[in-house]
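The figures that follow rest on heavy atoms only: side chains count, while hydrogens, waters and symmetry mates do not.
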Amino acid sequence: MKKLFILLFFIPGLGFSQAKKKTEKVTEKGFVLSGNITGFPNGTSVSFLNQETSQPEKQTTIENNTFIIKGSMQEPGFKILIFDDKPPAVPLFIDNSHVKITGDKSLLEKLSITGSPSQDQFMEYSNAIMPYLGIFEDGAAFDSASAAKVEKLSIDFVRKYPDSYVAPLALIRLTQATQNFRKAEELYKTIPEKVRSSQLGQYVYQQIELSRINPIGSVIKDFTQNDTSGRPVNVSTFRGKYVLVDFWASWCRPCRMENPNVVTAYNKFRDKNFAILSVSLDQAKPAWLNAIQMDGLTWNHVSDLKGWNNEVAGIFHITSIPQNILIDPNGKIIAKNLRGPVLENKLSAILK
């Protein structure tokens, strides 16, 4: 279950975006989570983890080993269950069904979760790729064979369950493992509209569109912007190095949550012909500078302090953050949107 939690939280669909998801009417029917978990004392909190703040939000308490949570989902999707505000977390991919959760405090990673077709499909896919999840973990060396297996299993899952709300998750994993956006687009077209318009489906569409705008294999468009001291910095001055062009902002919580991963990668590879050029979509310079210092971002930073109207963001059609582009010493784009351990794994593969 720990690896499933890692799998969930490195889905890069939870960043800040200009576009607003269309509001759908919530059906009257909702979900019911009925829990029977032994080992916890009466009064133990049962919470959902807020995916934006990563903070537990109490839903109920355990009384005589049982709890019930009722709610409603606009579409099948993730809920992350936390007991007593402590790990391990339990990821659920549920719909408006009656879900039964049974098990013991000592074996939270092996809870029985039944009653939700979406959860069954999520577990089928997750169990299939479980042996190969190492490619998404911190410090793992690139494994082309595992990446190929993730790709094949993802393709097989989408073909088997094209109308599943888990299908976009499989496409996200496919592109993270292989950057094969052509295959992802081919499969995406087989998914029904209701699934394509889901949160994960919209993210897949966005990534496919971005792959066309700044395709892998093309040379990055030239740009210049001022650094924190007001000096102009041109991306072409980094020729000869591998460079991560990172789009973020001090006010973007998903960006700030991702920064420790970027710091780890930078510290590991900074002496191996690797550099970072961060482009901020801030408007207030003090907030921008403070975030750089607080997060320990000891590399090159630029911004025109125009927020979403940042001219460099406009060049690359950036409509949500965090996002990044990895270029080689010749300025050629070799990867995009590397988040979490995927960034470090990619750099390990090219900077041996």
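Checking side-chain atoms of D304 against main-chain N and O of E311 turns up a donor-acceptor pair under 3.5 Å. Judged by distance alone, the side chain of S126 and the main-chain N or O of M123 form no donor-acceptor pair under 3.5 Å. Counting only distance, with no hydrogens or angles, the side chain of N234 and the backbone of S236 share a donor-acceptor pair below 3.5 Å. When atom types are taken as modelled, the side chain of R256 and the backbone of W251 share no donor-acceptor pair closer than 3.5 angstrom. The closest donor-acceptor contact from the side chain of E258 to the backbone of G340 lies under 3.5 Å. Of the possible donor and acceptor atoms, none in the side chain of N96 sits under 3.5 Å from a partner among the backbone N and O of S72.
Checked options D282, N290, D295; the residue passing with S250 is D282 (criterion: side-chain hydrogen bond (donor to acceptor under 3.5 Å, both in side chains)).
Taking a cutoff of 4.0 Å between a charged side-chain nitrogen and a carboxylate oxygen, K194 and E75 do not qualify as a salt bridge. With salt bridges taken as basic N to acidic carboxylate O contacts below 4.0 Å, one links K268 and E344. Salt-bridge check for K160 with D156: failed, with every basic side-chain N at 4.0 Å or more from each acidic carboxylate O. Look at R231 and D227 and you find a salt bridge, because one of the NZ, NE, NH1 or NH2 atoms lies within 4.0 Å of a carboxylate O, short of that distance.
Ring-plane geometry between F157 and Y161 is classed as tilted, the angle between the planes lying from 30 to 60 degrees on a 0 to 90 degree scale. Relative ring orientation between Y266 and F274 is described as tilted, the plane-to-plane angle lying within the 30° to 60° band.
For F122 and F78, the distance between ring centers is under 6.0 angstrom.
Side-chain contact check for S320 and Y203: no donor-acceptor pair (N or O, by modelled atom type) lies under 3.5 Å. Checking W288 against S303 by side-chain atom types alone, no donor-acceptor pair falls below 3.5 Å. In this model, a donor atom of one side chain and an acceptor atom of the other lie less than 3.5 Å apart for N310 and Q225. There is a side-chain donor-acceptor pair under 3.5 Å between S164 and Q121. T61 and E63 share a side-chain donor-acceptor pair at under 3.5 Å. No side-chain donor-acceptor contact under 3.5 Å links H301 and S280.
One distance of note links CD1 of I213 with CD1 of I315; it measures 13.0 Å at 0.5 Å rounding. In this structure, L81 CG and L33 CG are separated by 7.0 Å, a value rounded to the nearest 0.5 Å. To the nearest 0.5 Å, atom CD of residue Q207 and atom CD1 of residue I172 are 8.0 Å apart. Put simply, CG on N65 and CG on N36 are 6.0 Å apart, with the number rounded to the nearest 0.5 Å. To the nearest 0.5 Å, the span separating NZ on K336 from CD on Q323 amounts to 8.5 Å.
The shortest side-chain heavy-atom distance between T44 and F67 does not fall under the 4.5 Å cut-off.
In terms of heavy atoms, V99 sits closest to I94 at CG2-CG2, 4.2 Å. Closest approach of S116 and F93 over heavy atoms only: OG-O, 3.6 Å. In plain terms, the two heavy atoms of A147 and A177 that are nearest each other are CB-O, 3.6 Å. The shortest non-hydrogen separation linking Q179 to L338 is NE2-CD2, 4.2 Å. When all heavy atoms of N273 and P329 are compared, the pair lying nearest together is ND2-CG, 4.2 Å. Across D95 and P117, no two heavy atoms sit closer than the pair OD2-CD, 3.4 Å.
By the neighbour-count criterion of 12 heavy atoms within 6.0 Å, atom NZ of K86 is sparsely surrounded, having that number or fewer from other residues, nucleotides or ligands.
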Check: What do the steps show when you test D104 against S106 for side chain to side chain donor-acceptor pair (under 3.5 Å), and what is the final call?
Finding: CA-CA 5 Å; D104 185 79; S106 63; 2.6 Å; yes
